[in-house]
Participant: 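Mind having a look at this structure? Questions to follow.
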Amino acid sequence: MEKVIRGRVWRFGDGITTDHIIPGRYFHLRGDLPALAAHAMEDADPEFARGARPGDIVVAGRNFGQGSSREYAALVLVERGIRAVVAASFARIFFRNAINVGLLPVVCDTAGIEAGDELEIDLGANVVRDLTRGLVRGFAPLPRWMLRIIEDGGIVPHILAHGGLGLAFTSGEDDGRV
Amino acid sequence: MSGGTLAEKILSRRLGRPVAAGEFVVAPVDLVLAHEGTATLAIERFSTLGKHRPAAPVLLFLDHAAPAPRRELAEVHRRMRAFAAGAGAHLHEVGAGICHQIVAERWASPGQIIVGADSHTCTAGALGAFATGMGSTDVGVAMALGRTWFRVPETIRVDFVGDGEGGRHLPPGLTAKDLILHLIALLGDDGAAYKAIEFGGPAVEALDMEGRLTICNMAVEAGAKVGLCASDDVTRRFLEERGRGEHFVPLHPGPGAQYERHLEVDVAGLSPQVAFPPAVDRARPVEEAAGIPIDQVLIGTCTNGRISDLRLAARILEGRKVHPGVRLLVAPASREVYLQALREGLLEVFIAAGGTVLPPGCGPCVGVHLGVLGDGERCLSTQNRNFPGRMGNPRGEIYLASPATAAATAVKGAIADPREFLV
Ligand code: SF4
């Protein structure tokens, strides 16, 4: 993965649920990702699904992705071209799902970052820079093995490329062979 | 391994070496589950990994959209049946009931590690299983490898103290649901994010398994990875009654368990709770909600669709009529619950009162079918989530409460205090 990811911001608030990201009423479209993704974020920002461009970044407040385990919440964002989600905090299952499908989650203070800003995520320096406003925010780096899963495009390609789950761990205690 | 929180003890036992909060581990899984909202993607991942036979027992459920309300979902059901037959997964057909209820009735045992492609997989923590929700890909990987990775969670210990001798009793009208709604309001919707919550104290020790399942079911609404109860005599009896007594293992936290936080929640004077839309952590005493007009009442779901819930609701509805402005929907959580309610005459009470009994399953909980809300309508439900759009319409509103409050509300046509009916 490149060390610096740059993109335009879509801004959301606190407590965005998986029902905001992809509502349960589209349950029947889960077998058709492009059709499902046409409803991404519908109940939080009806403009998002039409307006999102490849490389855009989602920025939110605390507890992003709370609620159901539906991985489609992470998948519809990827399908809309979103590279990374920067939030004050993530719900646990969404966080795992994001890594598993190759979507980068970044945890940092997002106050002051606005819709349409030009944002830069620097994975070398572990900072987020809002180029529009001149804000710089540090973040704790993800464990190396989590980044590798994202670099590989998700956990399934990661396992196929490296022969197991165990290689993701420095301890290597698990053979994890497929 | 005698010290440790319940979460640490279960994982240590299963890994055969002591582990502590903060460690990343790769652990074996004992049960893997998915339903029609998550299974097809899990199966796809499993197949991409080149697998044909699962490396751990796989339970599949047709519960979220059952019977199938539309063609796309009928096709999902068909694919799941075909996979189960070919790969040797256990399929629970339309009408069997909600995954978490069936896992509790037939599959979960103390000390197991259970992963499910559904956030309320944590329900089985009531039986002392380390049970947690994940996405489809994680579940597909667990099916393929028979293992998954975890970060051993820190634990928040919560002791509920009730009324009377030793704090074991709940005041009249108060149920397990009120306890957990109150706790989530105290913790906040991410107050236990990434953590385990260990439930105990005299009021939980005195609770039956059904009440414990209700409490553990909602641990995820505070962001928790798992919600756990000790495995004790209540657990043993529950397993024995279902012919699974040999799976009982006593499990208690060690005396030296290190908790990140310890809360003692005094529920002696607590009123029944109602969580206001649009978030689960907005519970307030029923007095503050009383009088809000309601269009639909749902009694059921994996939170409160068990036999004790239906008995409590029927006690209030017996000999009364549902208010003409209200649609009352009752969905037993499983076929076992449905049959028992039938034998006890509870279904007759609901129907005679003017209610509608739905097939065992999720019913309208996730907004797919069987009770989608209209614009501006309000529902009071015994389910676990009240997010906008949860019941199929972002212009509808959902209030959360116990089966007692739900039944009282159905009679009054507006949110009502169940204590009026329970004297
Ligand atoms: S009853 Fe509701 S919360 Fe429970 S599993 Fe079904 S849809 Fe999910």
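Throughout, a chain's letter reflects where its sequence line sits, starting with A, and its residues are numbered from 1.
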Participant: Could you tell me which residues satisfy ring pair (Phe, Tyr, Trp, His ring centres under 6.0 Å) with B:H120, sequence neighbours excluded, listed by chain and number?
Facilitator: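 Not a single residue meets the ring pair (Phe, Tyr, Trp, His ring centres under 6.0 Å) criterion with B:H120.
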Participant: Need one label for A:F90: side chain, backbone, both or neither, based on atoms under 4.5 Å from any heavy atom in chain B.
Facilitator: both
Participant: For each of B:N393, B:L41, B:V76, B:T40, tally heavy-atom pairs with chain A at distances under 4.5 Å, and name the one with the top tally.
Facilitator: B:L41
Participant: Checking heavy atoms, do the side chain of B:R385, its backbone, both or neither come under 4.5 Å from chain A?
Facilitator: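 The answer is the side chain of B:R385.
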Participant: In Å, rounded to the nearest 0.5 Å, how long is the span from CD of A:E71 to OG1 of B:T38?
Facilitator: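 Between atom CD of A:E71 and atom OG1 of B:T38 there are 9.5 Å.
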Participant: For A:R96, run the side chain to side chain contact (heavy atoms under 4.5 Å, CB included) check against B:T132, B:T148, B:T137 and tell me which one passes.
Facilitator: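 When side chain to side chain contact (heavy atoms under 4.5 Å, CB included) is applied between A:R96 and each of B:T132, B:T148, B:T137, only B:T148 qualifies.
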Participant: Would you mind telling me which of B:P278, B:P394, B:G389 has the largest number of heavy-atom pairs within less than 4.5 Å of chain A?
Facilitator: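 Top count of heavy-atom pairs under 4.5 Å with chain A: B:P394.
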Participant: Quick one: does any side-chain atom of A:R25 pair with a main-chain N or O of B:V372 as donor and acceptor, under 3.5 Å?
Facilitator: no
Participant: For A:R92 and B:A193, indicate whether the former's side chain and the latter's backbone hold a donor-acceptor pair under 3.5 Å.
Facilitator: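 Side chain of A:R92 to backbone of B:A193, a donor-acceptor pair under 3.5 Å: no, none is there.
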Participant: Ring pair (Phe, Tyr, Trp, His ring centres under 6.0 Å) with B:Y399: which residues, sequence neighbours excluded?
Facilitator: B:F276
Participant: Start with the C-alpha gap between B:T48 and A:L160, add the side-chain angles, then the distance that decides, and say whether side chain to side chain contact (heavy atoms under 4.5 Å, CB included) holds.
Facilitator: CA-CA 9 Å; B:T48 306; A:L160 290 173; 4.1 Å; yes
Participant: Working to the nearest 0.5 angstrom, can you tell me the gap between B:S136 OG and A:N100 CG?
Facilitator: 10.0 Å
Participant: Of all the heavy-atom pairs spanning B:M134 and A:N97, show the shortest one and how long it is.
Facilitator: C-OD1, 4.5 Å
Participant: Salt-bridge test for B:D189 and A:R62: reply yes if a basic N is under 4.0 Å from a carboxylate O, no otherwise.
Facilitator: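 Yes.
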Participant: With only heavy atoms counted, which part of A:S68 is less than 4.5 Å from chain B, the side chain, the backbone, both or neither?
Facilitator: both
Participant: Sort out for me which of A:I155, A:N63, A:V156 touches chain B most, counting heavy-atom pairs under 4.5 Å.
Facilitator: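 Top option by heavy-atom pairs under 4.5 Å: A:N63.
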Participant: Return the CH2 to CZ distance between A:W145 and B:F24, rounded to the nearest 0.5 Å.
Facilitator: 5.0 Å
Participant: Examine whether an atom of B:V141 lies under 4.5 Å from a heavy atom of chain A, and if so say whether it belongs to the side chain, the backbone or both; otherwise answer neither.
Facilitator: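 The side chain, not the backbone.
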Participant: Find the distance between CD1 (A:I16) and CZ (B:F387) and round it off to the nearest 0.5 Å.
Facilitator: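 Answer for the CD1-CZ pair, A:I16 versus B:F387, is 11.0 Å.
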Participant: Nearest 0.5 angstrom please: B:D138 CG to A:I93 CD1, how far?
Facilitator: 9.5 Å
Participant: Could you give the distance from CZ (A:R30) to CD (B:E72), rounded to the nearest 0.5 Å?
Facilitator: 13.0 Å
Participant: Is it the case that more than 12 heavy atoms not belonging to B:R395 sit under 6.0 Å from its CZ atom?
Facilitator: no
Participant: How far apart are the closest heavy atoms of B:A65 and A:F27, and which atoms are they?
Facilitator: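 Closest heavy-atom pair between B:A65 and A:F27: CB-CE2, 4.4 Å.
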Participant: Would you say that A:D43 contacts B:P388 through its side chain, given a criterion of any heavy-atom pair below 4.5 Å between the two side chains?
Facilitator: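 No, their side chains stay 4.5 Å or more apart.
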Participant: What part of A:T18 gets within 4.5 angstrom of chain B, counting heavy atoms only: side chain, backbone, both, or neither?
Facilitator: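 Contact with chain B involves no heavy atom of A:T18 at all.
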Participant: Counting only heavy atoms closer than 4.5 Å, note whether B:E44 contacts chain A via side chain, backbone, both or neither.
Facilitator: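 Looking at B:E44, nothing touches chain A.
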Participant: Heavy atoms, side chains only, cut-off 4.5 Å: are A:Q66 and B:V280 in contact?
Facilitator: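 With C-beta onward as the side chain, the pair stays apart.
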